[in-house]
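Heads up, the thing below is written out as structure tokens.
The chain is numbered in sequence order, starting from 1.
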Amino acid sequence: MAATITPSLRSALERLKHGGSVNGLLLGWRRQILINLLPFEEFRAERLLQAAHDAHAHFASGGDRDVKSFWFGYEGVFVLALLQGDCMLIMLHTHASEVDFLRRAGLTFLDDTQLLVDALLHPAPDDENSRDATQPLGELDVGDHPPEASGPTKVIPRRL
């Protein structure tokens with residue numbers, strides 16, 4: 001089953017990457033890279049993840065502050081790092097005006113994909129039942145559906 005969930009996580013990241021002015025994404029769990037969609041080599045992505053975790057540890061050591069997001073500006077690119085639980089999402093983007101939108105989208109992504117990240121980290125054993133759990137819609141028998149599902153879709157117009 002984990003083989004079918006992992007592509008869903010990658011596709012969710014790809015959709016996030018194509019929203020706004022995002023140039024690259026990195027999803028990390030603790031200090032390990034899960035998915036790297038940055039335009040950098042692997043060792044540079046790992047250094048970026050380590051630096052973001054070090055910044056989080058630095059600000060958390062100062063007392064009762066628990067910083068969950070960082071935003072850095074460089075010449076021509078901005079870095080937004082979001083931390084939720086053990087997961088960190090790092091986004092590279094080019095327009096400073098989109099940072100609030102990207103922050104909300106990134107936090108929503110982290111909320112929605114906790115099950116997918118858990119399935120990636122703890123894959124289920126591959127057995128016969130997990131492979132047969134889903135089937136393409138074309139192979140379903142029409143008799144398996146209730147009668148109201150086989151008719152045309154009913155649209156209820158919205159009145160203003």
Side-chain angles (χ1 to χ4, degrees), residues 1-127 130-131 133-134 136-137 153 155-160:
M1 186 164 171
T4 59
I5 290 178
T6 304
S8 298
L9 180 61
R10 184 162 181 102
S11 66
L13 270 173
E14 288 287 344
R15 284 192 303 275
L16 187 60
K17 185 178 178 184
H18 294 294
S21 62
V22 176
N23 293 15
L25 290 169
L26 176 82
L27 180 64
W29 180 74
R30 296 187 180 166
R31 290 185 176 259
Q32 299 174 359
I33 295 175
L34 291 180
I35 298 177
N36 179 10
L37 298 176
L38 293 176
F40 304 137
E41 296 175 8
E42 193 73 23
F43 76 93
R44 292 187 190 274
E46 190 168 322
R47 283 182 32 201
L48 177 61
L49 181 65
Q50 300 305 326
H53 275 289
D54 290 345
H56 178 260
H58 171 74
F59 285 106
S61 68
D64 57 350
R65 293 184 297 184
D66 190 22
V67 179
K68 296 292 185 181
S69 62
F70 296 96
W71 188 53
F72 304 101
Y74 299 100
E75 185 178 341
V77 69
F78 299 94
V79 179
L80 175 64
L82 304 171
L83 182 70
Q84 183 172 14
D86 289 334
C87 292
M88 181 173 281
L89 177 66
I90 298 176
M91 293 189 234
L92 300 180
H93 64 100
T94 55
H95 297 294
S97 61
E98 293 182 348
V99 68
D100 291 328
F101 165 74
L102 292 174
R103 182 181 170 276
R104 285 191 309 269
L107 290 174
T108 302
F109 166 81
L110 288 172
D111 283 340
D112 292 346
T113 58
Q114 287 304 308
L115 291 176
L116 298 175
V117 169
D118 188 48
L120 179 67
L121 294 172
H122 306 97
D126 192 26
D127 59 355
S130 67
R131 280 183 256 148
T134 60
L137 290 176
T153 303
V155 177
I156 300 172
R158 201 169 130 187
R159 296 178 194 224
L160 297 175

Query raised in the report: What is the ring orientation for Trp71 with His93, classed by angle as parallel under 30°, tilted 30 to 60°, or perpendicular over 60°?
Result: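 Rings of Trp71 and His93: parallel, as their planes differ by under 30°.
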Query raised in the report: Tell me, do Leu25 and Ile90 make a side-chain contact under 4.5 Å, heavy atoms counted?
Result: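 No, every pair of side-chain atoms sits at 4.5 Å or beyond.
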**Report entry** Partner residues of Asp86 under the side-chain contact (heavy atoms from CB on, under 4.5 Å) criterion, sequence neighbours left out
**Finding:**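 For Asp86 the side-chain contact (heavy atoms from CB on, under 4.5 Å) partners, ignoring immediate neighbours, are Trp29, Arg30.
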Query raised in the report: Mind checking what makes side-chain contact (heavy atoms from CB on, under 4.5 Å) contact with Arg103, not counting sequence neighbours?
Result: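 Residues passing side-chain contact (heavy atoms from CB on, under 4.5 Å) with Arg103: Ser69, Leu80, Leu82, Leu107.
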Requested in this report: Look at the side chain of Gln114 and the backbone N and O of Leu110, then say whether any donor-acceptor pair between them is shorter than 3.5 Å.
Outcome: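 A pair under 3.5 Å: yes.
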Query raised in the report: Within the distance-only criterion (no hydrogens, no angle test), does the side chain of Glu98 pair as donor or acceptor with the backbone N or O of Ser21 below 3.5 angstrom?
Result: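 Yes, the answer is positive, given that a donor and an acceptor are paired below the 3.5 Å cut-off.
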For the [atom1] atom of [X] and the [atom2] atom of [Y], what is their distance to the nearest 0.5 Å?
X	Y	atom1	atom2	value
Gln32	Met88	CD	CE	13.5 Å
Phe59	Asp66	CZ	CG	12.5 Å
Leu37	Glu14	CG	CD	5.0 Å
Arg44	Leu26	CZ	CG	14.5 Å
Ile33	Leu38	CD1	CG	7.5 Å
Lys68	Gln84	NZ	CD	7.5 Å

Query raised in the report: So Leu27 and Phe109, side-chain contact (heavy atoms from CB on, under 4.5 Å) or not? Walk me through it.
Result: CA-CA 11 Å; Leu27 180 64; Phe109 166 81; 4.2 Å; yes
Query - Worked verdict on Val22 versus Leu16 for side-chain contact (heavy atoms from CB on, under 4.5 Å) - result: CA-CA 8 Å; Val22 176; Leu16 187 60; 5.8 Å; no
Query raised in the report: Does the side-chain contact (heavy atoms from CB on, under 4.5 Å) test come out yes or no for Arg31 and Asp54, once each step is laid out?
Result: CA-CA 10 Å; Arg31 290 185 176 259; Asp54 290 345; 3.0 Å; yes
Specify the closest pair of heavy atoms between [X] and [Y], including all atoms of both residues, with the distance to one decimal.
X	Y	value
Lys17	Gly24	CE-CA, 4.4 Å
Met91	Leu102	CE-O, 3.2 Å
Ala45	Phe40	N-CB, 4.5 Å

Report task. Take Val99 and Phe78 through the test side-chain contact (heavy atoms from CB on, under 4.5 Å) and record every step on the way to the result. Result -> CA-CA 9 Å; Val99 68; Phe78 299 94; over 6 Å; no
Query - More than 12 heavy atoms from other groups under 6.0 Å of CZ on Arg47 - result: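 No, not enclosed.
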